Amino acid sequence: MDLSRSIPKALSAKKKMSKQQLAQTMVGWGFVAVAAILIAVFSFYPMIQAFYLSLHSGMGNNLQFVGIANYLRLFQDATFITAVTNTFTYLIVQVPLMIVLGLVFSVVLNRPDLKGKGFFRTAIFLPAITSLVATSTIFRYLFGQQGLVNMALLGLGIIDSPLGWLTQPTLARIAIIIVITWRWTGYNMIFYLSSLQNVDYSIYEAAKIDGANAIQQFFKITIPMLKPIILFTSITSTIGTLQLFDEVMNITGGGPGNSTLTISQYIYNLSFRWTPDFGYASAVSFAIVIMIVVLSIIQFKVTGDKK
């Protein structure tokens with residue numbers, strides 16, 4: 001074998017291959033660069049600008065540096081505290097309810113012998129893809145003084161006179177929770193259902209043969225298998241609830257008397273409805289970020305894998 005000829009050929013082929021790999025790498029980085037630039041311009045820059053604003057007061061060219069004064073103001077702001085209380089009320093009640101209902105629906109609709117499950121899956125998931133404004137408008141009429149909810153309760157003899165769902169603080173919060181749960185339960189159900197479809201149903205049949213009832217199968221098989229998905233949906237549901245805006249804005253407007261006001265709606269009011277205070281509004285928005293980070297860490301510690 002003539003090594004004097006084979007070695008240059010091998011080096012030439014290697015060099016050619018390296019150029020091809022380099023070209024492919026550059027193309028890949030080109031695609032990544034476009035996405036990175038868009039994320040930087042439309043996500044990171046606004047975040048940095050918002051943090052800069054949170055350290056100032058005033059508007060436009062009249063910005064004055066105030067340091068952490070806006071953040072200290074949060075602890076003395078009664079309206080902000082009310083908004084936080086309302087938002088956490090929704091969070092504590094609605095998120096567990098939505099997760100439990102999503103789990104129950106997914107288990108029922110995953111049964112291989114269930115007829116018409118395609119229809120039921122679509123019906124439960126459909127609210128998640130409907131217009132938020134349209135949904136809120138419909139429910140505002142449903143919970144009105146002469147709405148369908150009061151008419152149904154009166155017809156069943158449960159109440160003697162129409163309830164002020166949108167005029168009484170407690171009932172208004174309940175109405176908001178009902179709307180949020182109705183809308184987003186199907187969204188979580190899809191995640192659970194897609195995960196359950198990857199589980200061999202023979203596991204449940206074997207457990208049934210061993211004497212495990214439906215409740216035991218749910219807590220001993222379903223819950224452990226869905227643990228990562230439950231963690232994911234609990235975090236996303238928490239983030240969504242802390243950013244709750246559309247339903248409250250369109251159904252109650254934050255009333256009566258700020259009893260349904262959320263943090264996101266308070267930010268909107270500070271920025272556009274009242275005398276604009278973008279610096280303080282930015283500080284309130286970063287308060288949401290801190291809450292999300294803290295609650296996400298707690299959820300990871302409580303439900304995450306312990307190693």
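Side chains included, hydrogens not; waters and symmetry mates left out as well; all remaining heavy atoms used. Along the sequence shown, residues are numbered consecutively beginning with 1. Computed from a predicted structure; not experimentally measured.
- Residues passing the salt bridge (Lys or Arg N to Asp or Glu O under 4.0 Å) test with Asp113 are Arg111, sequence neighbours excluded.
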Output a table of donor-acceptor pairs, distance under 3.5 Å, between side-chain atoms of residues 161-168 and any protein atom two or more places apart or on a different chain; print 'none' if there are none.
unit_1: Trp165; atom_1: NE1; unit_2: Asn150; atom_2: OD1; d: 3.1
unit_1: Thr167; atom_1: OG1; unit_2: Gly164; atom_2: O; d: 3.4

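- More than 12 heavy-atom neighbours from other residues, nucleotides or ligands sit within 6.0 angstrom of CD on Gln197.
- Minimum heavy-atom separation, Gly186 to Phe125: O-CD1, 3.6 Å.
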For residues 28-52, run the donor-acceptor check on the side chains, cut-off 3.5 Å, and write out each pair with its distance to 0.1 Å, sequence neighbours left out.
none

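- Of all heavy-atom pairs between Arg121 and Met189, the closest is O-CE, 3.9 Å.
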| Which is it for Thr238 and Gln299 under the side-chain hydrogen bond (donor to acceptor under 3.5 Å, both in side chains) test, yes or no, and what are the steps along the way? | CA-CA 10 Å; Thr238 298; Gln299 288 172 329; 2.9 Å; yes

### Task
List the steps and the verdict of side chain to side chain contact (heavy atoms under 4.5 Å, CB included) for Ile203 and Met225.
CA-CA 12 Å; Ile203 298 176; Met225 287 184 173; 3.6 Å; yes

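- For residues 131-151, no pair satisfies salt bridge (charged side-chain N to carboxylate O under 4.0 Å, His left out), with sequence neighbours left out.
- Under the side-chain hydrogen bond (donor to acceptor under 3.5 Å, both in side chains) criterion, the residue pairs touching residues 182-194 are Thr130-Arg183, Asn188-Ser237, Tyr192-Thr233, with sequence neighbours excluded.
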Show the atom names and distances, to 0.1 Å, of all donor-acceptor pairs under 3.5 Å that link a side chain in residues 284-298 to residues at least two apart or in another chain.
unit_1: Ser285; atom_1: OG; unit_2: Ser282; atom_2: O; d: 2.5
unit_1: Ser296; atom_1: OG; unit_2: Ile292; atom_2: O; d: 2.7

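- Identified under the salt bridge (charged side-chain N to carboxylate O under 4.0 Å, His left out) test for residues 52-76, with sequence neighbours left out: Arg73-Asp277.
- In terms of heavy atoms, Thr87 sits closest to Ala83 at OG1-O, 2.7 Å.
- A ring-ring contact (aromatic ring centres under 6.0 Å, His included) check over residues 228-269, counting only residues at least two apart or in different chains, returns the pairs Phe191-Phe232, Phe245-Tyr268, Tyr266-Trp274, Tyr268-Phe272.
- At a threshold of 4.5 Å between side-chain heavy atoms, the hydrophobic network of Ile, Leu, Val, Met, Phe, Trp and Tyr places Ile92 and Leu244 in two separate groups.
- For the side-chain contact (heavy atoms from CB on, under 4.5 Å) test, residues two or more places apart in sequence or in another chain that qualify with Gln64 are Ser57.
- Judged purely by distance below 3.5 Å, without hydrogens or angles, the side chains of Gln94 and Thr241 pair a donor atom with an acceptor atom.
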Identify every side-chain donor-acceptor pair in residues 249-260 under 3.5 Å, counting partners at least two apart or on other chains, and give the distances.
unit_1: Asn250; atom_1: ND2; unit_2: Asp246; atom_2: O; d: 2.7
unit_1: Thr252; atom_1: OG1; unit_2: Val248; atom_2: O; d: 3.3
unit_1: Thr252; atom_1: OG1; unit_2: Gly254; atom_2: N; d: 3.3
unit_1: Thr252; atom_1: OG1; unit_2: Thr260; atom_2: OG1; d: 2.7
unit_1: Ser259; atom_1: OG; unit_2: Pro256; atom_2: O; d: 2.7
unit_1: Thr260; atom_1: OG1; unit_2: Gly254; atom_2: O; d: 3.2
unit_1: Thr260; atom_1: OG1; unit_2: Gly255; atom_2: N; d: 3.4
unit_1: Thr260; atom_1: OG1; unit_2: Gly255; atom_2: O; d: 2.7

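- Atom CG of Leu156 has more than 12 heavy atoms from other residues, nucleotides or ligands within 6.0 Å.
- Under the side-chain contact (heavy atoms from CB on, under 4.5 Å) criterion, Ala69 pairs with Val66, not counting sequence neighbours.
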For residues 101-109, tabulate all N or O donor-acceptor pairs below 3.5 Å that involve a side-chain atom, not counting sequence neighbours.
unit_1: Ser106; atom_1: OG; unit_2: Gly102; atom_2: O; d: 3.1
unit_1: Ser106; atom_1: OG; unit_2: Leu103; atom_2: O; d: 2.7

